[in-house]
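Reviewing the structure listed below.
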Amino acid sequence: MSFTTKFLGATAALALTAGAALADGPAIIYDLGGKFDKSFNESAYNGAQRWAEETGEEFAEFEITSDAQREQAIRRFAEAGNNPIVMAGFSWGTPLEAAAADYPDTNFVIIDAAVDAPNIRSVVFNEHEGSYLVGMLAAAASETDTVSFVGGMDIPLIRKFGCGYAQGVKAVNPDATVISNMTGTTPSAWNDPVKGSELTLSQISQGSDVVFAAAGGTGIGVLQTAADEGILSIGVDSNQNYLHSGQVLTSMVKRVDNAVYDAFAAGENVEVGLNVMGVENEGVAYSLDEHNEELITDEMKAMVEEASAQMASGELEVHDYMSDETCPAIDF
């Protein structure tokens, strides 16, 4: 069972004192969109919940509703004695940098960003590798030779997804067309399923019959519209195959749940420093289950398994957009 603390706003967070009902032990703070976004945050929650169910212990958690709450939430959990404190999302980087030094005896874990400090564990993922694998599947499944990508906020991290995806598509079908659209340039882009739907309809009108969404809650609108219009979609972060059984080709799974679970399991002894999760250590993968098994042929399976093995061995290197902000397979 988890112990949940809800705040009404930044002022409520500011008013929280160390004497409140927060217990020590681990804590997790979700990003905008909430812990039940069916994507990134929910994967983080699942990891925390798995730890709680296995140990019988409790954890503290908080769903922010505005950026103004970030640093305050970090500080209040630290003052309450929570350790480690896990933050889901790259947007925690700046507030964590500002707060961590004031709590040298507290260990912090940030997912999707790298913050260099002696009491911080930074967990990052090779999203381009997992996106390459689902891109291969998209190209193999497409009947129009046109596939597409819907990103959330237009930032290098999301272009990293799109670039990996396009490389995978082109590896299978060099003549394929990859359409790419971003939802917006502000954090609201993560939670705009209506805009996601509109972008998907536009891409379908241009011939796309497989769409990959890397857009948080916005992606729910992408997957829904794809199902309604009879094309295939690809989920992200958590396994979203179940959302539209038989119509989601696969999901590019980031094991955010494992990152949270491992941090909670280590407790105050969590190892600090940079931790990279990729294909080699099962940090990213494509998902296969009862909801999409009829969509993935044995040939498609063999193709991506071979690519995965080549990535793990170093034989296949997927270009990382964030290394130089260029992409050999698509223009953003």
Side-chain angles (χ1 to χ4, degrees), residues 10 13 25-33 35 40-41 43-45 47-48 51 59-64 66-129 152-161 186-187 190 214 216 237 254-278 281 283-284 320-325:
I28 181 167
I29 321 175
Y30 307 102
D31 212 337
L32 293 169
K35 68 178 179 180
F40 181 86
N41 283 318
S43 182
Y45 166 74
W51 172 85
F59 62 91
E61 59 181 351
F62 175 39
E63 300 173 70
I64 63 167
S66 74
D67 287 323
Q69 296 171 303
R70 293 186 189 276
E71 187 176 338
Q72 296 167 1
I74 294 169
R75 291 184 179 278
R76 292 313 174 194
F77 278 126
E79 289 167 10
N82 295 101
N83 194 4
I85 300 169
V86 180
M87 282 137 286
F90 67 89
S91 295
W92 290 99
T94 299
L96 177 59
E97 214 165 10
D102 293 336
Y103 305 97
D105 296 328
T106 300
N107 285 328
F108 301 91
V109 179
I110 184 167
I111 299 172
D112 263 4
V115 179
D116 186 15
N119 57 338
I120 296 176
R121 176 179 179 85
S122 300
V123 182
V124 297
F125 293 83
N126 288 342
E127 293 95 350
H128 54 301
E129 294 179 350
M153 188 175 174
D154 189 1
I155 53 174
L157 175 62
I158 298 304
R159 292 188 176 199
K160 181 179 181 179
F161 281 87
T186 65
W190 303 120
D237 292 340
K254 277 173 63 171
R255 296 312 301 267
V256 177
D257 58 331
N258 285 350
V260 175
Y261 177 89
D262 291 346
F264 276 23
E268 296 181 7
N269 299 316
V270 65
E271 184 179 347
V272 297
L274 184 65
N275 177 230
V276 181
M277 300 183 70
N281 56 6
V284 296
D320 179 357
Y321 177 87
M322 292 182 71
S323 67
D324 60 5
E325 299 201 354

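Keep in mind that what you see is a predicted model, and the values were worked out from it rather than measured.
For the atom pair NZ (Lys35) and CZ (Phe62), the distance works out to 12.0 Å, reported to the nearest 0.5 Å. Distance check: Ile64 CD1 to Met87 CE gives 11.5 Å after rounding to the nearest 0.5 Å. Atoms CD and CZ, from Glu71 and Arg76 in turn, are 10.5 Å apart once rounded to the nearest 0.5 Å. Separation of atoms OH (Tyr30) and CD1 (Ile111) is listed at 10.5 Å; rounding is to 0.5 Å. From Trp92, atom CH2 reaches atom CZ of Phe108 across 11.5 Å, with rounding to the nearest 0.5 Å. Atoms CH2 and CD1, on Trp51 and Ile28 in that order, are 11.5 Å from each other to the nearest 0.5 Å.
Across all non-hydrogen atoms, the minimal contact from Asn82 to Pro26 is ND2-O, 3.9 Å. Residues Asp67 and Pro187 approach most closely at OD2-CG, 3.9 Å, considering heavy atoms. Contact record, Ala114 with Leu274: CB-CD1, 4.2 Å, taken as the closest heavy-atom pair. Residues Met277 and Ala259 share a closest heavy-atom pair of SD-CB, 4.1 Å. Nearest heavy-atom pair across Phe77 and Ala60 is CE2-CB, 3.6 Å. Val256 and Ser43 get closest at one heavy-atom pair: CB-OG, 3.6 Å.
At least one side-chain heavy atom of Arg159 sits under 4.5 Å from a side-chain heavy atom of Asp154. Put simply, the side chain of Arg70 reaches to within 4.5 Å of the side chain of Leu32, judged on heavy atoms. Using a 4.5 Å cut-off on side-chain heavy atoms (C-beta onward), Ile158 and Met153 make no contact. Looking only at side-chain heavy atoms (C-beta outward), Asp31 and Ser91 come within less than 4.5 Å of each other.
With sequence neighbours left out, the salt bridge (Lys or Arg N to Asp or Glu O under 4.0 Å) criterion links Asp237 to no other residue. Partners of Asp102 by side chain to side chain donor-acceptor pair (under 3.5 Å), not counting sequence neighbours, listed by chain and number: Arg75. Partners of Lys254 by side chain to side chain donor-acceptor pair (under 3.5 Å), not counting sequence neighbours, listed by chain and number: Asp112, Glu127. Evaluation of the side chain to side chain donor-acceptor pair (under 3.5 Å) rule for Thr186 yields Ser188 as partners, not counting sequence neighbours. Shown here are the side chain to side chain donor-acceptor pair (under 3.5 Å) partners of Asn258, two or more places apart in sequence or in another chain: Arg50, Arg255.
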Less than 3.5 Å apart, which donor and acceptor atoms pair up between the side chains of residues 119-126 and the rest of the protein, not counting sequence neighbours?
from   : atom 1 : to     : atom 2 : distance (Å)
Asn119 : ND2    : Ala100 : O      : 3.2
Asn119 : ND2    : Tyr103 : O      : 3.1
Asn119 : ND2    : Thr106 : O      : 3.0
Arg121 : NH1    : Glu271 : O      : 2.9
Arg121 : NH2    : Asn275 : OD1    : 3.2
Ser122 : OG     : Val115 : N      : 2.9
Ser122 : OG     : Val115 : O      : 3.2
Asn126 : ND2    : Glu129 : OE2    : 3.4

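A donor-acceptor distance shorter than 3.5 angstrom exists from the side chain of Gln69 to the backbone of Ser66, with no hydrogens or angles considered. Panel note: side chain Asn107, backbone Glu268; a donor-acceptor pair is recorded below 3.5 Å.
Between Phe264 and Phe59, the two ring planes are tilted [angle within 30° to 60°].
When the shell of 6.0 Å around CG of Asp116 is examined, it contains 12 or fewer heavy atoms from other residues, nucleotides or ligands.
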